[in-house]
2 protein chains.
Amino acid sequence: MQKNIEFIDKLRSSGLRPTKQRLKICEVLFNREETFHFTIKDLVKKISDNLNEKISLATVYNTVHAFKDKGYLKEISINSDKSYFDTNITNHHHFFDEDTNQLIDCEDDYIENINIKKNITGKKINSVEVLIKVASDNQNQN
Amino acid sequence: MQKNIEFIDKLRSSGLRPTKQRLKICEVLFNREETFHFTIKDLVKKISDNLNEKISLATVYNTVHAFKDKGYLKEISINSDKSYFDTNITNHHHFFDEDTNQLIDCEDDYIENINIKKNITGKKINSVEVLIKVASDNQNQN
DNA sequence: CAACAGTTTAGAATAATTATAATTTAGTTT
DNA sequence: AAACTAAATTATAATTATTCTAAACTGTTG
Ligand SMILES: [Mn+2]
Ligand SMILES: [Mn+2]
Ligand SMILES: [Zn+2]
Ligand SMILES: [Zn+2]
């Protein structure tokens, strides 16, 4: 449970002005125990749930991209028409529940270390991410 | 190098009428040695390069989705605003070259087997895909 | 050939995202 | 504290990928 003053420092230290919109978004994103995986739409909903005054959609996009650029958020690849973002910025893998469209972190002890034995010549590896698509186990699924 | 008659059989056998648009798209997609990774835009370009008469954009979308539904194409998850498709429908991993935005198949001998040690309860695993993002190796990159 | 379902098509509609340009605000300088 | 300036917010327009619609066209079957 971070204090407002901590968010102000965090923003200032990366050259972002601590506006009230950014602070509110910090609260929503980072004042939580668990990792938050979200789309812009999810975030807008959380904001309007927690807030009497509204933040413009453009500002939500601007802020999420600024936070991503500063390394406070990660963008996640899902086969979908929209972007997902992740408050867990470490290198990690995901389950994607195709029933609920939910992203879930894959803990390190769920998967053996990935070993890339060969790489493309002249290129360096920036990330290695596993996406495990799961769905309901029962026979009669739609 | 498949013959037109083979595509006609292929389409008929999955309940798709062999129209001239579908046959042309089959040629572009499947008359090649190498796997083809493409976006709809890429495919439209290939079609107009190879063809004097044009195929409507709606038909290209319809056909790609029909081929995907029949299992002749695979849709690939890339962090992007557009979908990629793949003529390699086997279970396999990818390199994504962030310099060129190109998808490249990761041969089996490039990566050790992925072992998912635990799964989410009540769910079955539908796919496990690794995405290796690579980029230029040199220091002075923009 | 006639009939009919399947397919193609232009164009409209939708949805996510980005751009624009005017207004407001945060931080700095007088 | 008032003035100044660059950064940020905002409503709104623009863009892009994709899907929908409904009319015209075509492949298949009898
Ligand atoms: Mn899609
Ligand atoms: Mn994006
Ligand atoms: Zn995550
Ligand atoms: Zn592939």
Side-chain angles (χ1 to χ4, degrees), chain A residues 4-5 7-28 37-45 47-48 51-70 72-73 75-85 101 103, chain B residues 4-5 7-28 37-45 47-48 51-70 72-73 75-85 101 103:
Chain A
N4 216 269
I5 187 76
F7 292 135
I8 291 177
D9 287 347
K10 182 175 181 165
L11 290 170
R12 283 229 182 83
S13 74
S14 49
L16 297 173
R17 288 186 179 175
T19 63
K20 68 177 194 301
Q21 291 86 346
R22 285 175 177 161
L23 289 171
K24 191 70 211 175
I25 291 173
C26 278
E27 273 178 48
V28 171
H37 296 101
F38 63 98
T39 64
I40 295 287
K41 205 175 161 191
D42 295 334
L43 178 55
V44 166
K45 182 164 171 19
I47 291 168
S48 75
L51 196 60
N52 31 9
E53 60 210 300
K54 78 180 273 291
I55 297 178
S56 106
L57 183 59
T59 298
V60 177
Y61 272 98
N62 289 343
T63 302
V64 166
H65 283 126
F67 285 5
K68 182 196 165 194
D69 292 344
K70 298 299 180 181
Y72 303 143
L73 289 174
E75 200 168 356
I76 303 290
S77 320
I78 295 289
N79 188 15
S80 172
D81 38 10
K82 61 177 72 107
S83 270
Y84 281 70
F85 294 89
N101 269 31
L103 258 188
Chain B
N4 216 268
I5 186 77
F7 292 136
I8 292 178
D9 287 348
K10 182 176 180 163
L11 290 170
R12 282 230 183 81
S13 74
S14 49
L16 296 173
R17 289 186 179 173
T19 63
K20 69 176 194 300
Q21 291 88 347
R22 283 174 179 163
L23 288 171
K24 191 70 211 174
I25 292 174
C26 278
E27 274 178 45
V28 172
H37 296 100
F38 63 97
T39 64
I40 294 288
K41 205 175 161 189
D42 296 333
L43 179 54
V44 166
K45 181 164 172 18
I47 291 167
S48 74
L51 195 60
N52 33 8
E53 59 210 302
K54 76 179 276 290
I55 298 178
S56 105
L57 183 60
T59 300
V60 177
Y61 272 99
N62 288 344
T63 302
V64 166
H65 282 126
F67 286 5
K68 183 196 164 194
D69 292 345
K70 297 300 181 183
Y72 303 142
L73 290 175
E75 199 168 356
I76 303 291
S77 320
I78 295 289
N79 189 17
S80 173
D81 36 12
K82 61 176 71 102
S83 270
Y84 282 69
F85 294 89
N101 268 31
L103 258 188

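Each chain gets a letter, A, B and so on, in the order the sequences are listed, and its residues count up from 1.
Between dT7(C) and T59(B), no contact under 4.0 Å exists linking OP1 or OP2 to a side-chain N or O. An OP1 or OP2 oxygen of dT25(C) is reached within less than 4.0 angstrom by no side-chain nitrogen or oxygen of Q21(A). Contact annotation: S83(A) side-chain N/O to dT17(C) OP1/OP2 distance is under 4.0 Å. Proximity of S56(B) to the phosphate of dT8(C): no side-chain N or O atom is located under 4.0 Å from OP1 or OP2. Within the 4.0 Å cut-off from OP1 or OP2 of dT28(D), at least one side-chain nitrogen or oxygen of R12(B) is found.
Rounded to a whole Å, the OH atom of Y84(B) is 11 Å from the P atom of dT18(D). Rounded to whole Å, atom P of dT8(C) lies 10 Å from atom CG of L23(B). Rounding to whole angstrom units, NZ of residue K20(A) and C1' of dA8(D) are separated by 11 Å. For the pair R22(B) CZ and dT8(C) P, the interatomic distance rounds to 4 Å; values are reported in whole Å. We find that NZ of K82(A) is positioned 13 Å from C1' of dT14(C), with the value rounded to whole Å. One can place OH of Y61(A) at 15 Å from C1' of dA11(D), the figure rounded to the nearest angstrom. For the pair K41(A) NZ and dT14(C) P, the computed distance is 14 Å after rounding to whole Å. Put simply, NE2 on H65(B) is 10 Å from P on dC20(D), counting in whole angstrom units.
Looking at heavy-atom distances under 4.0 Å, T19(B) makes contact with sugar-phosphate atoms alone, never a base.
In this view, N62(A) satisfies the side chain to side chain donor-acceptor pair (under 3.5 Å) rule with no residue, not counting sequence neighbours.
Residues I55(B) and Q21(B) approach most closely at CD1-O, 3.8 Å, considering heavy atoms.
For K54(A), whose side chain is taken as the heavy atoms from C-beta onward, the closest listed nucleotide among dA11(D), dT8(C), dA10(C) is dA11(D).
Nearest-nucleotide assignment on DNA chain D puts the 5′-proximal partner with V60(A), out of V60(A) and L16(B).
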